[in-house]
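Notes follow once the structure below has been shown.
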Amino acid sequence: MKQIFPLTFMTHNDIPHWISHLQKIENVIAPHKNGINSFSFGKVSDPKCVILNYDRTLSSIKKYFLPPKETLFSFSTDGKETTSSKVEPINAIFLGVHNYDLEAVFRLDHNFLSGHAESQYLTRRQGALFIGVSYTPDEWHFSNSVLKDGEPNHSGGFDLFLHEIEDGYLLETLTESGQNLMKGFPLPEFDGDIPKQQSFNAHIDGGFEKVTDVFSRAWDSPVWESYAEKCVGCGTCNLVCPTCFCFNVEDEVDLDLKTGNRIRTQDGCMLRSFSEVAGGEIFRNQKAARMRHRLYRKFKYISQETGESWCVGCGRCSAYCTAGISIVDIVNDLIHDSNREIGA
Amino acid sequence: MKPKVAVFDFTGCEGCELNKLNFEDELLALLEHIDIVEWREAMDDKSDHYTIAIVEGSISTPDCVERIHDIRNRSEILIALGACAVQGGMNAMKNQYPLEQVREEVYGCHKDLFPTLPALPLSRYVRVDYEVRGCPMTKNEFLKILTSILMGKKPIKPTHAVCVECKLNENECVYDKGMVCLGPITRGGCDSLCTNFGQYCTGCRGLVDEPDVEAMLAILNRHGLSIVEAKKRLELFNYENQAL
Amino acid sequence: MMQIFKSIPENMEANLYLPSMGTITQTHNLTKKEKWFEIQMPETHSFSYNPGQFVEVSLFGVGEAPISITSAMKNPGLFEMTIRDVGVLTEKIHALNSGDLIGIRGPFGNGFDLKKFKGKDVLIVAGGIGLVPIRSLIHTILNDRKSYGRLIILYGTKSSQDLLYKSELDQWETHPGIEFQMTVDQPSPDWHGIVGVITTLIPSVTLDLENTVAAIVGPPVMYKFVLLSLLTKGLSDENIYLSLERRMKCGVGKCGHCQINHSLVCQDGPVYHYPELKKLQEALK
């Protein structure tokens, strides 16, 4: 991409000051430590607690646009009064976002824009600015196997992007909004190139092109059953996925029995009850069928319409799988299995 | 007329019942819609007929068997309250030993005064309409189930694992903290209370429907438990579950 | 192409999930389990529909369920639905009467594409409660009878007590513009008609194979046998439409519950052209 704005340099010491500067403009949401080995996005109160050098966060920034649980409207049980819940634009600077998580937001945009545009998601989505940060791929990341621009230092779509170098960060300014964020925080220009990308440890053999090919004939593969045996069906893979958006809706009634709320909560296609149809039949009762559906959703169903993978290669479903199943292993096994079949 | 609600206890620690006394604010709101007619922990009134009987504890003596049938006969709706009533709870751990041995160990030379039976969930003796799971049960779930019933609607029985709620609460996975956890196979609905506070899931709410026990044992085994130890973990609250 | 958020789309609804309040204007019981309702939507709410579409019906505090529209579009904002009592929500809806309010979202789904039926002989195969959605198509055809060729209706239920719209069935039997046949599977002593599953009606029907379009609605188990029977008769895939029932929840293609393979039933269905449906491995299994 053609660089319009000059590259600048920031030391590690500059970072907290810079975050304080950003906080004067808008709320800043950034990664923080959560637990022993994990990270979460949260609203910054102390800039020193922000961690830019992290592997992945437990949940993606999706949670700000599509909360895990939300009230769609309130009602009186006699039906005489209904009130939509007020939804506000997020108006925040998302700092320290990895490339794959922004790509995931773009995919959610597509889902909530196409067909019936959904006001809850789209209203919140307004006013979000994104500052990316490069990362070092660990054993689970595989973004460049599925995304057209999946490199850890790919800055497309961001307003600003931080490239980690030895003694600090290079700041790439990509949009006018990004430039505006830097007003009043002058930085020295950097005369040099953006550092080379870090290489990935996990790969899908043959990349997304091969994936598209294999998913056109993977339906009856024995691979599904071989992984379903290990799967305990807990649904973690759906819940941590930055592009999963399925939900369930139910009514909760207040103790007065006169008022209540219609609530939606995140749901997942790996959960047994997800495909229950009227009359109680579970339509995808086998774990293998549910796993196949999940992967087809990531690699084929929406992809064949948009040309894009709906898996962004963040590695969350593998890293957090309680049964130790890796999505890369499943896909690679499907590829090897289909190669064997066609004698390649 | 307001529905008549009665509370009974069998073999258990009565923690679930005491827990109910703890939500004074909501209790007053509820009393707008129900009459509590029998509750040993809180009052002495009696009634012959109950719209809703809330029953805590497992069935573990011949006397219990008689009482639970009597309660069922006098109730329109019977709710099993807490792990003991729903799954037999920890009490059911005794079922792995010969009953005579258990009696001897507990009551010594007076054992003949105390007839005993295997500790079993209410549902082995009578029809149970609804369940409030957990050890102890949690306030929010109890109130949700009760308001559903009062609305004349079937309460939603959680079918997903604790992992679902734990992930929605964005907790670090217990396994990533070096502990083992029964969350992946334990029925949710508790809003992952224990893991929210840094603990692991002991499985107090019983197993999900059609649990994949083999896959769960493999997970526990991969995280350092022998298969025998892993089974024991699962049995703590699920000794009477046929899937184990 | 992937659509990325730039700004709020102009046509965006304020809240896709908030029902409008319809008023029940008429009701009556059709059978022990099925009750018919006529609903008037408020004038402020533009409400028009195609045969085969469905609405999401709400009772607040109880929940929401997809229900087929059973009428043909006539007066704006007016429609009919027939609801089988299968659970708590439907039981509570059955308890409602004229003048009561009911939450309605929709109409949703595609409905039958009338262009494919016009000028053709129409064969309708309805099993059990499948008559409810397809009645909207039957009425649409009857309201514009001259635009269609023969109208053949085959209807089967478990027993004669399950027959829906009985007075209408009587009219159809004598209607000069309808070739109507029905069968029951488990006849009661007072049943004098045809006995057997719905496919027993198919062999005796003569069809102009080139000029007939079939619409099939019924319980999932029925499809396989009816399809086999029609295809054996020589009807081509191209001339067959089916309506599917799945657990549609949001109705607007967001929640994911009704998805079979790549297809969202609430958006692409519930009516499917058979050649399309055949590509969905999960559809008729």
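Lettering of chains follows the sequences in order, A, B, ..., and the numbering in each one begins at 1.
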From [X] atom [atom1] to [Y] atom [atom2], the distance as rounded to the nearest 0.5 Å:
X      : Y      : atom1 : atom2 : answer
C/F5   : A/L108 : CZ    : CG    : 13.0 Å
C/M2   : A/L113 : CE    : CG    : 11.0 Å
A/S275 : C/I260 : OG    : CD1   : 12.0 Å
A/T123 : C/I8   : OG1   : CD1   : 4.5 Å
A/F106 : C/I4   : CZ    : CD1   : 5.0 Å

- Could you tell me which non-hydrogen atom of A/T77 sits nearest to which non-hydrogen atom of C/G61, and how far apart they are? CG2-CA, 4.4 Å
- Query: Closest approach of C/M12 and A/A117, non-hydrogen atoms and distance?
  - Reply: CG-O, 3.7 Å
For [X], is it the side chain, the backbone, both or neither that has a heavy atom under 4.5 Å from a heavy atom of chain C?
X      : value
A/S273 : backbone
A/F112 : both
A/R262 : side chain

- Donor + acceptor pair across side chains of A/D220, C/Q281 (<3.5 Å): no
- Item | Pair C/Y17-A/E118, side-chain donor/acceptor within less than 3.5 Å | yes
Among [range], which ones touch chain C with a heavy-atom distance under 4.5 Å?
range                       : answer
residues 251-259 of chain A : A/D251, A/V253
residues 239-248 of chain A : A/F245, A/C246, A/F247, A/N248
residues 295-304 of chain A : A/R297, A/Y301, A/Q304

- Of the listed C/Q259, C/E64, C/M21, the one with the largest count of heavy-atom pairs under 4.5 Å with chain A is C/Q259
- Partner chain A: residue of C/G253, C/S58, C/S263 with the largest heavy-atom pair count (under 4.5 Å): C/S58
- Which residue out of A/Q126, A/K80, A/E250, A/E308 racks up the most heavy-atom pairs below 4.5 Å with chain C? A/Q126
- Item | Max heavy-atom pair count under 4.5 Å with chain C, selected residue of A/S114, A/G115, A/G307 | A/S114
Part of [X] within contact of chain A (heavy atom distance under 4.5 Å):
X      : value
C/C250 : side chain
C/K249 : side chain
C/N261 : both

Any side-chain to backbone donor/acceptor pair from [X] onto [Y]? Under 3.5 Å, distance only.
X      : Y      : value
A/H110 : C/Q3   : yes
C/H257 : A/F274 : yes
A/T306 : C/M1   : no
A/D267 : C/C255 : no

- Item | More than 12 heavy atoms from other groups under 6.0 Å of CD on A/Q286 | no
- Task: Count the heavy atoms of every other residue, nucleotide or ligand shown that sit under 6.0 Å from CZ of C/F225, and state whether that count exceeds 12.
- Result: no
- Message: Show, in sequence, the C-alpha distance, side-chain angles and deciding distance for C/Q267 and A/H116, and conclude whether the side chain to side chain contact (heavy atoms under 4.5 Å, CB included) test is met.
- Response: CA-CA 10 Å; C/Q267 301 300 294; A/H116 299 260; 3.5 Å; yes
- Message: Give the interface residues of residues 85-113 of chain C toward chain A, defined by a heavy-atom separation under 4.5 Å.
- Response: C/L101, C/F108
- Query: If we only count heavy atoms from C-beta on, is the A/L72 to C/L18 side-chain gap below 4.5 Å?
  - Reply: no
